[in-house]
Number of protein chains: 2
Amino acid sequence: MGDHHLSEQETVALVELMFFAYRDFVSDPDEILGTYGFGRAHHRVLHFVGRDPGMTVQQLLDILQITKQSLGRVLKELIDKGYVFQKEGEADRRQRLLYLTEAGEELRQRLMGPQISRIRRAVALPEGNAAHLYRKVLYQMVSPANRDAVLDWIGRASLPGDTQDGG
Amino acid sequence: MGDHHLSEQETVALVELMFFAYRDFVSDPDEILGTYGFGRAHHRVLHFVGRDPGMTVQQLLDILQITKQSLGRVLKELIDKGYVFQKEGEADRRQRLLYLTEAGEELRQRLMGPQISRIRRAVALPEGNAAHLYRKVLYQMVSPANRDAVLDWIGRASLPGDTQDGG
DNA sequence: TAAATATGTCAATATGGCTGACGTAATTTC
DNA sequence: GAAATTACGTCAGCCATATTGACATATTTA
């Protein structure tokens with residue numbers, strides 16, 4: 001078992017690295033978004049809709065964990081500017097299934113580009129298995145109550161060998 | 001060299017885990033802050049001032065990477081409510097050195113508690129060295145331009161064996 | 001003495017959250 | 001078939017946090 005307890009100092013360093021890493025991680029897409037008059041909220045919608053085309057509004061709300069009123073404006077802007085469109089559900093005609101337009105998919109790729117590079121750079125370390133460990137560690141950072149949903153989203157295949165509680 | 005290129009799918013999974021992990025990572029302190037009428041901005045100030053008592057306003061701005069106007073209100077509220085106080089600099093009397101009151105330090109500890117637990121839980125994995133790799137990976141996520149400042153802040157001692165570009 | 005620095009503040013603006021209320025269409029349940 | 005529930009949209013108001021630009025004051029440095 002790996003319960004070599006981290007020292008206070010080491011742990012605080014990790015807490016702070018989480019802050020610094022996230023701050024810089026979102027800085028590249030933020031800059032691109034600015035030139036479109038969009039913000040982080042638009043990025044998230046673009047990203048998740050692009051990752052699961054045809055998702056319902058409710059599914060998107062569950063992932064973002066925001067209210068429909070908050071989503072409303074952002075979604076409307078993305079639709080008005082031609083990056084997202086909606087299609088009536090076939091099985092359930094109350095649903096407005098979400099899709100990216102070509103421009104939307106292009107923008108999504110453009111926004112993700114720097115983050116992909118940053119992740120690849122970050123896990124390309126001399127040690128073997130850094131990516132695997134990083135993935136497991138980040139997964140453990142997710143609240144237990146949310147892990148099933150996250151695992152479903154990410155695709156269980158991408159966490160090979162993991163049981164539900166990540167060990 | 002460890003440039004086993006990650007697949008697109010694996011990398012996207014890491015991008016998304018970064019989002020989910022950060023979202024949950026800040027959720028515990030957010031809840032506590034709400035009961036004080038504070039927000040994330042207050043947390044950051046409390047944390048960094050507590051980590052480096054006597055820091056100047058400008059140093060805090062450099063770390064947070066926000067404008068002094070943004071900091072202004074938050075800092076004023078923390079001072080008014082008795083969590084932070086200022087002291088005129090001795091060497092340079094223009095400076096208003098920042099310190100936490102006892103209540104401030106208590107709140108800081110309380111806010112950090114859940115994050116410390118979460119990190120310790122996350123790095124307590126069967127594999128050895130998870131914490132070390134996690135630290136290196138998060139460090140690599142920081143923009144190169146900011147790494148020196150982050151390293152200075154974290155304390156170079158807490159990244160043993162690392163060269164400036166992270167080993 | 002002049003210039004630069006550290007800090008504070010006023011005003012206006014933008015973004016992205018929130019709650020609460022209300023409306024409509026479609027589906028499900030009784 | 002009527003009633004309840006669900007999926008979605010929207011209006012209104014509020015709050016937190018960020019921004020830019022301008023200006024003021026005290027202090028230090030050149």
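So you know, we letter chains A, B, ... as the sequences are listed, proteins then strands, and number each from 1.
Ring pair F38(B)/H42(B) is parallel by interplanar angle, where below 30° counts as parallel and above 60° as perpendicular. Note: Y83(B) and Y36(B) have perpendicular aromatic rings, judged against thresholds of 30 and 60 degrees for the angle between ring planes.
Nucleotide dT28(D) holds its C1' atom 13 Å from the CZ atom of R96(B), rounded to whole Å. If you take CG of L71(B) and P of dA18(D), they are 9 Å apart, rounded to a whole angstrom. At whole-Å resolution of the value, CG in L33(A) and C1' in dT19(D) are 16 Å apart. A straight line from CD of E90(B) to P of dT27(D) spans 15 Å, rounded to a whole angstrom. In this structure, E88(A) atom CD and dC8(D) atom C1' are separated by 12 Å, rounded to whole Å. In this structure, the CG atom of L97(A) is 11 Å from the P atom of dG9(D), given to the nearest Å. As rounded to whole Å, 13 Å separates atom P of dA16(D) from atom CG of D30(B).
With contacts defined as side-chain heavy-atom distances shorter than 4.5 Å, the pair T56(A)/R96(A) does not qualify.
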Run the numbers on Y99(B) and Q86(B) for side chain to side chain contact (heavy atoms under 4.5 Å, CB included), then give the verdict. CA-CA 6 Å; Y99(B) 298 88; Q86(B) 293 178 304; over 6 Å; no

Evaluate ring-ring contact (aromatic ring centres under 6.0 Å, His included) for F19(B) paired with F48(A), printing each intermediate quantity in order. CA-CA 11 Å; F19(B) 167 74; F48(A) 288 110; 5.4 Å; yes

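Looking at heavy-atom distances under 4.0 Å, R73(A) makes contact with a base. Contacts of G39(A) with the nucleic acid, taken as non-hydrogen atoms under 4.0 Å apart, involve only primed sugar atoms and P, OP1 or OP2.
One axis for each end of the helix from dT1(C)-dA30(D) to dC30(C)-dG1(D), each built from five base pairs, and the angle between them comes to 30° at 10° resolution.
How far CD1 of I119(A) is from CD of E16(B): 10.5 Å, rounded to the nearest 0.5 Å. Atom CZ of residue F85(B) and atom CG of residue L98(B) lie 9.5 Å apart, to the nearest 0.5 angstrom. Rounded to the nearest 0.5 Å, atoms CG (L61(A)) and NZ (K68(A)) are 9.0 Å apart.
In Q65(B), the CD atom is crowded: over 12 heavy atoms of neighbouring residues, nucleotides or ligands sit closer than 6.0 Å.
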Using atom names, set out every protein N or O paired with an N or O of nucleotides 22-25 of chain D below 3.5 Å, distance rounded to 0.1 Å.
none

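Among the candidates L78(A), L46(A), V45(A), the single residue satisfying the side chain to side chain contact (heavy atoms under 4.5 Å, CB included) test with L100(A) is L46(A).
Which of dC8(D), dT19(D), dA26(D) sits closest to the side chain of R94(B) comes down to dA26(D).
The residue among M55(B) and R44(A) whose nearest nucleotide of DNA chain C is located toward the 5' end is M55(B). Nearest-nucleotide positions on DNA chain C place Q86(B) closer to the 5' end than the other of R93(A) and Q86(B).
Scanning DNA chain C 5' to 3' for nucleotides with an atom closer than 4.0 angstrom to a non-hydrogen atom of chain B gives a first and last hit of dT5(C) to dC10(C).
Between the side chains of T11(B) and E8(B), no donor-acceptor pair is found at a separation under 3.5 Å.
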